[in-house]
Trainee: 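Pasting a structure below so you can have a look.
All residue numbers in this chain count up from 1 along the given sequence.
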Amino acid sequence: MALQVPSFIKRVMVRCRNGKSGHAEPPVLSGGWPLVGHTVEFVRGAIELLTRAQREHGEVVAFQVVHRKMVALFGPEAHEAIFRAPDSVLSPAEAYKLMTPVFGKDILYDTSPERMGEQLKMLLPALRDKRMRTYGEQILGEVEQSIASWGDEGVIDLVDYCRVLTNFTSSHCLLGKEFRTGMTEEFARVYHDLECGVTPIAYINANLPIPSFRKRDIARARLVEMIGKIIEERRSGGVTSEDFLQTLMDARYESGAALSEHEITGMLLAAMFAGHHTSSVTTAWTMIELLQSCAFHDRVVTELDSVFGSDERVTYQKLREIVTTEAAVKEALRMHPPLFMLVRVCMQPFQFKNYHFAQGTWLVVSPTVAHRIPELFRDPDRFDPDRFAAPREEDKRDYAFIPFGAGRHKCLGNAFALLQVKAILAVLLRRYQFDLIDRDVRTDFQHLVVTPSEPCRVRYRRRMPVDIAHSVSTSAVMSKAAPVALASKCPFSAAAVSDTDTAADVQASNQTSSVNKRIVEIDRDLCQGHAVCVNEAPDIFAIADDGKPGFDSCRRKACLNFNEINGLAVIF
């Protein structure tokens with residue numbers, strides 16, 4: 001017979017466990033060593049630690065890394081509490097000091113919140129709809145150039161190919177044509193060394209005397225030289241361009257001060273980190289998952305052949321129509337989010353439900369673990385892009401699907417990354433058939449950016465016109481069998497309008513649309529500004545010519561992020 005504990009003793013035990021305030025302390029993860037806690041397990045395999053934490057305790061669990069108390073939180077309610085908290089309460093800057101050696105001193109997370117806000121505003125022009133259209137053309141040109149020497153068949157390492165390709169596309173779009181034209185393999189090597197210096201151990205100390213950190217510092221110094229040369233040549237020659245480098249050269253702080261070369265380099269690196277690493281690994285993972293899922297691979301190829309035809313040029317508009325392909329990309333992002341851990345530091349005591357977190361506590365969100373919770377995503381270990389289609393729409397629950405984070409610090413490069421991935425897939429899968437040679441592909445969690453293991457070789461064979469013709473002829477059958485219709489994740493609801501629509505077009509659209517376009521409320525705590533809205537849902541958003549807020553604002557909670565930006569998304 002089990003020993004019965006008297007009820008009054010239970011009440012005393014609860015009060016002792018909860019403390020004088022009545023707030024519960026989070027449960028502690030099992031294991032750990034004296035003094036250093038779970039440090040060894042964290043360094044050896046942070047994702048395994050976080051996965052074990054969620055399985056042991058569910059929504060909230062504490063663990064210790066060196067001298068830091070960390071608490072991992074899982075699930076939409078916990079995610080919302082963290083992502084919606086203001087920076088004065090939960091600070092990303094304190095956690096992401098590890099990026100200071102990469103971006104540089106006094107840039108983004110290493111500066112004041114006010115200065116960081118000004119710098120983030122400078123990133124937004126790179127994400128506007130007109131700029132994205134230009135990027136699409138540049139990306140497609142780079143993909144075509146990358147396969148020009150492939151021939152009819154051969155073998156490539158997919159991960160390495162995607163890494164080099166997106167280095168070229170990102171540098172072309174952000175750093176300019178002259179930088180891309182003069183690029184050698186040195187840039188890919190230097191940038192790779194920079195990325196490899198961002199590891200989980202950097203959370204402990206980003207300046208340890210270890211080889212990867214030394215390479216990181218050498219790489220950043222070299223990139224400053226390379227980018228500085230372009231800036232000097234433009235200024236001395238009176239040359240201007242339409243790329244993001246030029247945007248930063250022309251940008252001014254509210255005080256009227258221009259950016260230094262150090263700041264321009266740091267901002268460019270921030271933009272490249274926001275778009276490049278996501279594009280690279282997501283392209284590779286999407287290809288890998290499609291090649292391991294023949295049925296969905298065939299549906300994607302059929303869609304691409306149907307939308308683009310046998311020889312139709314890939315365009316920005318057409319890239320918006322490939323919803324089945326986008327579903328595959330989203331599912332790859334669910335299963336393999338580029339950043340497996342997002343962190344905030346409590347700047348003051350913080351409470352979630354009945355749990356109390358003291359000032360200085362590090363709060364951890366893991367998209368990788370959260371996306372595998374069965375209660376949120378049915379059969380989570382299965383590649384199933386149809387989970388995003390009606391009636392399932394498993395990504396519709398707020399703060400459940402968070403591959404780019406959420407709230408005011410949601411990744412600014414998500415739209416750029418998705419554009420790159422879809423453009424690359426649209427070219428590759430229409431031109432070639434692929435087969436995995438190394439089928440046992442694992443996930444490499446040694447860096448903060450989650451990549452497939454290498455080698456990851458694929459064999460390619462050029463598709464013949466008869467293959468494409470057959471695919472197009474069967475598109476109707478395939479689409480009837482299991483279509484994927486993605487509803488917009490944009491936080492607003494309105495009729496479609498593009499930056500080329502005339503007033504008459506807008507009026508006609510308003511007359512024919514059954515959608516209620518009147519918007520009465522905006523959540524400024526979460527709104528990231530017009531740039532992200534336009535690029536995530538260009539069929540819904542447009543920007544006023546004067547850049548000012550137009551008509552009303554947002555009818556629902558904004559799931560994007562950025563506070564008090566002039567020129568919010570406007571609906572006509």
Side-chain angles (χ1 to χ4, degrees), residues 136 139-140 143 158-159 161-162 165-166 278-308 314 318-338 367-368 371-372 377-390 392-396 401-404 414-436 439 441 443 450-452 456 458 460 463 471 474-475 478-489 536-537:
I139 292 167
L140 292 167
V143 180
L158 181 63
V159 175
Y161 168 76
C162 291
L165 172 61
T166 52
T278 301
S279 303
S280 174
V281 300
T282 303
T283 301
W285 277 124
T286 305
M287 286 284 288
I288 290 166
E289 293 292 351
L290 285 174
L291 294 177
Q292 293 179 332
S293 176
C294 295
F296 211 88
H297 169 273
D298 291 347
R299 286 171 55 189
V300 167
V301 172
T302 297
E303 176 188 68
L304 294 174
D305 289 342
S306 177
V307 170
F308 296 105
V314 177
K318 291 292 185 181
L319 289 174
R320 291 163 52 186
E321 298 175 13
I322 50 176
V323 294
T324 306
T325 306
E326 183 169 323
V329 176
K330 289 181 66 176
E331 180 67 340
L333 282 166
R334 182 193 69 82
M335 298 185 71
H336 312 283
T368 302
H371 289 173
R372 302 290 182 116
F377 299 97
R378 189 174 72 198
D379 197 4
D381 295 329
R382 179 169 173 260
F383 180 74
D384 181 14
D386 284 333
R387 70 176 72 251
F388 300 116
R392 291 169 62 182
E393 297 179 321
E394 294 177 8
D395 61 321
K396 286 298 184 181
F401 182 64
I402 53 170
F404 299 107
N414 56 348
F416 179 63
L418 287 172
L419 175 70
Q420 283 210 75
V421 176
K422 290 196 293 183
I424 294 169
L425 294 174
V427 175
L428 294 183
L429 293 177
R430 289 173 58 239
R431 299 291 179 81
Y432 291 94
Q433 293 179 353
F434 295 89
D435 295 295
L436 273 175
R439 303 195 67 84
V441 181
T443 305
V450 178
T451 64
C456 181
V458 296
Y460 62 85
R463 296 179 66 199
S471 177
T474 59
S475 62
M478 294 291 290
S479 62
K480 290 179 181 178
V484 173
L486 292 180
S488 173
K489 275 291 289 179
E536 290 196 343

Trainee: Determine whether F388 and E393 satisfy the following criterion, side-chain contact (heavy atoms from CB on, under 4.5 Å), listing intermediate values before the conclusion.
Mentor: CA-CA 4 Å; F388 300 116; E393 297 179 321; over 6 Å; no
Trainee: Can you measure from CD (E331) to CZ (R382) and round to the nearest 0.5 angstrom?
Mentor: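 Between atom CD of E331 and atom CZ of R382 there are 9.0 Å.
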Trainee: Please report the shortest heavy-atom distance between P338 and P403, naming the atom on each side.
Mentor: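 Scanning both residues completely, I find the closest heavy atoms to be CD-O, 4.1 Å.
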Trainee: How long is the span from the CH2 atom in W285 to the SG atom in C456, to the nearest 0.5 Å?
Mentor: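 Taking CH2 in W285 and SG in C456, the distance rounds to 7.5 Å.
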Trainee: Are D386 and R378 within salt-bridge range, i.e. N to O under 4.0 Å?
Mentor: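 No, this pair does not count.
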Trainee: Can you tell if the side chain of D435 reaches within under 4.5 Å of the side chain of V458, non-hydrogen atoms only?
Mentor: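 They are not in side-chain contact.
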Trainee: Apply side-chain contact (heavy atoms from CB on, under 4.5 Å) to residues H336 and V281 and explain how you reach the verdict.
Mentor: CA-CA 9 Å; H336 312 283; V281 300; over 6 Å; no
Trainee: When you compare the side chain of L425 with that of I322, does any pair of heavy atoms fall below 4.5 Å?
Mentor: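 When only atoms from C-beta onward are counted, L425 and I322 do not touch, as no gap falls below 4.5 Å.
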Trainee: A side-chain contact here means heavy atoms from C-beta on lying under 4.5 Å apart; do L158 and P452 qualify?
Mentor: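 The answer is no, as the side chains (C-beta and beyond) never meet within the 4.5 Å cut-off.
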Trainee: Does the side chain of Q433 come within less than 4.5 Å of V301's, by heavy atoms?
Mentor: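 They are not in contact (no side-chain heavy atoms under 4.5 Å apart), so the answer is no.
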Trainee: Between M335 and R372, is the side-chain contact (heavy atoms from CB on, under 4.5 Å) condition met? List the steps.
Mentor: CA-CA 7 Å; M335 298 185 71; R372 302 290 182 116; 3.7 Å; yes
Trainee: Measure across A423 and I139 and return the closest heavy-atom pair with its distance rounded to 0.1 Å.
Mentor: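 That would be CB-CG2, 3.8 Å.
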Trainee: Taking the side chain as C-beta and beyond, is there a heavy-atom pair between C162 and S280 under 4.5 Å?
Mentor: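 Yes. Closest side-chain heavy atoms under 4.5 Å.
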Trainee: Below 4.5 Å, heavy atoms only, C-beta onward: do L428 and Y460 meet side chain to side chain?
Mentor: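 L428 vs Y460: side chains apart.
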Trainee: Only counting residues at least two apart or in another chain, list the ones meeting side chain to side chain contact (heavy atoms under 4.5 Å, CB included) with Q292.
Mentor: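 Per chain and number, Q292 pairs via side chain to side chain contact (heavy atoms under 4.5 Å, CB included) with I288, E289, L436, R439.
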Trainee: Given side chains that start at C-beta, do those of L429 and M287 come closer than 4.5 Å, heavy atoms only?
Mentor: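 L429 reaches M287 side chain to side chain.
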Trainee: Which residues pass the salt bridge (charged side-chain N to carboxylate O under 4.0 Å, His left out) test with D379, sequence neighbours left out?
Mentor: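 If we apply the salt bridge (charged side-chain N to carboxylate O under 4.0 Å, His left out) test to D379, skipping adjacent residues, there are no hits.
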Trainee: Determine whether the side chains of T325 and E303 contain a donor N or O and an acceptor N or O closer than 3.5 Å.
Mentor: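 Yes, side-chain donor-acceptor contact under 3.5 Å.
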Trainee: Can R334 and D384 be counted as an ion pair, charged N to O under 4.0 angstrom?
Mentor: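 Looking at R334 and D384, the cut-off is not met.
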Trainee: Measure the shortest side-chain to side-chain distance between F401 and H371 over non-hydrogen atoms and say whether it is less than 4.5 angstrom.
Mentor: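 The answer is yes, as the side chains (C-beta and beyond) meet within the 4.5 Å cut-off.
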Trainee: S293: what forms a side chain to side chain contact (heavy atoms under 4.5 Å, CB included) with it, not counting sequence neighbours?
Mentor: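 Partners of S293 by the side chain to side chain contact (heavy atoms under 4.5 Å, CB included) criterion, ordered by chain and then number, come out as F296, F383.
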Trainee: Is the NZ or CZ atom of R463 positioned over Y432's six-membered ring, under 6.0 angstrom from the centre and within 45° of the axis?
Mentor: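 No cation-pi geometry.
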Trainee: Please determine whether side-chain contact (heavy atoms from CB on, under 4.5 Å) holds for the pair T166 and I424, giving the CA-CA distance in whole Å, both sets of side-chain angles, and the decisive distance to 0.1 Å.
Mentor: CA-CA 9 Å; T166 52; I424 294 169; 4.1 Å; yes
Trainee: Between the main-chain N or O of D298 and the side-chain N or O of T302, is there a donor-acceptor pair closer than 3.5 Å?
Mentor: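 Looks like yes, one N/O pair under 3.5 Å.
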